[in-house]
Amino acid sequence: MSENITTIEEIISLCKRRGFIFQSSEIYGGLQGIYDYGPFGVELKNNLKGAWWKAIVYERDDVEGLDSSIITHRMTLKHSGHEDTFTDPLIDCRDCKHRMRADHVVNNKCDNCESQNLTEPRNFNLMFRTNLGPIDNGVNYAYLRPETAQGIFTNFKNVLDATSRKLPFGIAQIGKAFRNEITPKNFIFRVREFEQMELEFFVEPGTDEEWHQEWIKNRLKWWQSQGLSPENLKLQPQSASELAHYSKATTDILYRFPQGFEELEGIANRTDYDLGSHTKDQDNLKIFSKVSPNNNSTTKLGGLNSETKEYRLPFVIEPSGGLDRGVLAILTEAYTKEQLENGQERIVLKLKPHLAPIKIAVIPLARNNEKIVSKAKEIKQSLQKFGIGRIRYEDTGNIGKGYRRNDEIGTPLCITVDFDTFEGDTETVTIRYRDSMLQERIAINDLEKFIRNYFL
Ligand code: ATP
């Protein structure tokens, strides 16, 4: 079993040092709970998104994609229940003024100064409100979406009409969500601006529990295929008191983050709650859940059952994963410290090749040698055309430093052009493997075949 002894400080330090993740607005003191992704972080995050999209949209035949807006109509979030119920209980410490989520307080003590002089909990809505247009009259406001899901529900009929889908089918979306968390913490684990990878999978009522189990299995397997080991993943059904206002049942996939096992993704059975809530004339419908009354939307978000000819609302199963939590889980799993024979320590990110920010670093051994430099640049350009991701020309001038940097950002292969490249009948380069550190020589003419075999 891979015992996870990586600390959050080690991950934060690597992320800053090597250009994965930075504190947002750091030069002005930073914004709490908000982060920026640097050159290698953006590649890692995009690769994880790409892997999700490929598995959920491209490799299935029953899911369509969507990219809905972040700014959301107030009525959408009123009828979805978020305006009234998307709250966390907030407690203040009267002595040091520290704020805490009531459900995170242990032994009725302030987690900053240990005082027991705490206020009663009061509900705090987590949604960010913003103004549309120049006049702030307290009416023309909208919200930054707290989940991407609502854009899927409000577009349900548009997608259905445009694609002629029949149940079961899903709509997938990856995008930003915003929550004014009371206590953002653990680096990118709990933040105020984050990305979600959400699928709303619409099914016939009555088949929902079966599909729920199916998606729990599917999603657990997918996280494993991204490199998370089974010992570091756990399924946890939520208790009735933990369930969100829309959910009949939710199972969380927990990952062993540096701070312990915590939620990476939730798979919820949202029933017909959302489509029902956004539907006009609810009185004429048989709806399973208690929905938002007096809805003034202009449509019925359901469909005709082709066999019974009855109008009905689908149920929906929602696998909702956090992209930033996914990045943190993958960094935690991949971060490895190795003791080398020469007594030095090596830090290496053992990322799956498809997630690695840089697939191959091409390094000229002598940066002042024109022949070597131009050959290295030529190789970089030709490998870039294979479509496997970013290839980086690495002009450090110090091969040891080049390898160390690439180990720390998880580059699976380094290709070095050196003086031997031009010796012999055919031109050759050295390939160095990240995990084993083994090196082998290969003819430049064979590189394409080798790289295609390795990555595709
Ligand atoms: P938590 O209980 O940890 O606050 P949640 O149950 O409210 O999370 P969901 O509403 O189910 O979270 O959101 C789906 C996913 O979005 C979560 O599994 C998580 O990966 C991600 N997520 C939610 N809130 C945050 C946040 N503040 N920062 C980063 N990711 C988040």
Side-chain angles (χ1 to χ4, degrees), residues 8 21 24 31-37 41 45 48-49 52 77 80-82 85-90 100-104 123-128 144-153 172-200 212 215-216 219-220 222-223 226 228 233-257 259-270 273-274 316-332:
I8 197 79
I21 298 165
S24 178
L31 274 176
Q32 218 200 340
I34 312 219
Y35 289 90
D36 298 334
Y37 283 75
K45 188 156 93 153
L48 189 59
K49 279 190 214 182
W52 186 89
L77 291 157
S80 69
H82 286 82
T85 55
F86 198 63
T87 54
D88 272 342
L90 167 77
M100 294 150 279
R101 247 172 79 167
D103 53 332
H104 289 173
N123 279 338
F124 170 73
N125 196 298
L126 300 179
M127 288 196 294
F128 284 95
L144 303 190
R145 64 186 178 195
E147 58 175 17
T148 73
Q150 293 307 322
I152 298 182
F153 298 129
Q173 164 154 252
I174 301 177
K176 292 257 178 172
F178 301 81
R179 297 183 187 178
N180 201 357
E181 295 280 353
I182 295 166
T183 40
K185 60 180 171 189
N186 293 319
F187 193 35
I188 52 169
F189 177 82
R190 185 174 301 287
V191 281
R192 291 181 165 138
E193 172 174 341
F194 55 100
E195 276 188 87
Q196 292 183 311
M197 306 183 286
E198 294 199 303
L199 169 67
E200 304 302 325
H212 192 202
W215 276 109
I216 294 168
R219 297 300 304 143
L220 183 65
W222 184 81
W223 280 113
Q226 303 313 303
L228 304 186
L233 288 162
K234 197 152 82 172
L235 292 177
Q236 184 166 284
Q238 287 186 4
S239 65
S241 65
E242 290 172 306
L243 289 178
H245 60 277
Y246 49 71
S247 174
K248 170 175 156 187
T250 298
T251 291
D252 290 335
I253 298 179
L254 310 188
Y255 178 72
R256 192 205 301 252
F257 290 100
Q259 73 271 19
F261 272 105
E262 286 210 63
E263 178 178 337
L264 171 63
E265 169 158 346
I267 299 126
N269 182 345
R270 288 180 85 129
Y273 178 88
D274 298 273
V316 66
I317 305 301
E318 176 197 70
S320 170
L323 185 57
D324 309 77
R325 286 190 192 177
V327 167
L328 184 59
I330 278 160
L331 287 172
T332 306

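Whatever order the structure lists ligands and atoms in, that order sets their numbers, starting from 1. Numbers here are sequence positions counted from 1.
Scanning the protein for heavy atoms near atom 14 (C) of ligand 1, the closest one is Ser320 OG, 3.0 Å. In terms of protein heavy-atom proximity, atom 28 (N) of ligand 1 is closest to Val191 N, 3.0 Å. Looking at atom 21 (C) of ligand 1, its nearest protein heavy atom turns out to be Gly322 CA, 3.7 Å. Protein heavy atom at the shortest distance from atom 19 (C) of ligand 1 is Arg325 NH1, 3.5 Å.
In this structure the side chain of Val316 never reaches within 4.5 angstrom of the side chain of Ile152, judged on heavy atoms. Taking 4.5 Å as the limit, every side-chain heavy atom of Phe261 sits out of range of all side-chain heavy atoms of Asp252. Using a 4.5 Å heavy-atom cutoff, the side chains of Leu323 and Trp52 are not in contact. Side-chain contact between Arg270 and Glu200: present, with at least one pair of heavy atoms (C-beta onward) separated by less than 4.5 Å.
Ring to ring, Phe189 and Phe187 are not that close: their centroids are 6.0 angstrom or more apart.
Considering each of Phe86, Phe178, Phe194, Tyr255, the one bringing a non-hydrogen atom nearest atom 31 (C) of ligand 1 is Phe194. Comparing Glu193, Arg179, Arg190, Glu263 against atom 3 (O) of ligand 1, the shortest heavy-atom distance belongs to Arg190. Comparing Gln196, Gln238, Glu262, Glu147 against atom 13 (O) of ligand 1, the shortest heavy-atom distance belongs to Gln196.
The residue from Arg190, Arg179, Arg101 that alone fulfils the salt bridge (charged side-chain N to carboxylate O under 4.0 Å, His left out) condition with Asp88 is Arg101.
The distance criterion of under 3.5 Å between nitrogen or oxygen atoms is not met by Glu198 with respect to ligand 1. For ligand 1, the polar-atom distance check against Leu264 finds a nitrogen or oxygen pair separated by under 3.5 Å. Taking only nitrogen or oxygen atoms, main chain and side chain alike, Phe189 reaches within less than 3.5 Å of ligand 1.
Below 4.0 Å from some heavy atom of Glu265 lie the following atoms of ligand 1, by number and element: 18 (O). Taking a cut-off of under 4.0 Å to the non-hydrogen atoms of Gly266, the atoms of ligand 1 that pass are 18 (O).
To the nearest 0.5 Å, atom CG of residue Leu264 and atom CG of residue Asp324 are 11.0 Å apart.
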For Lys49 and Glu195: C-alpha separation, side-chain torsions, deciding distance, then whether side chain to side chain contact (heavy atoms under 4.5 Å, CB included) applies.
CA-CA 10 Å; Lys49 279 190 214 182; Glu195 276 188 87; 3.1 Å; yes
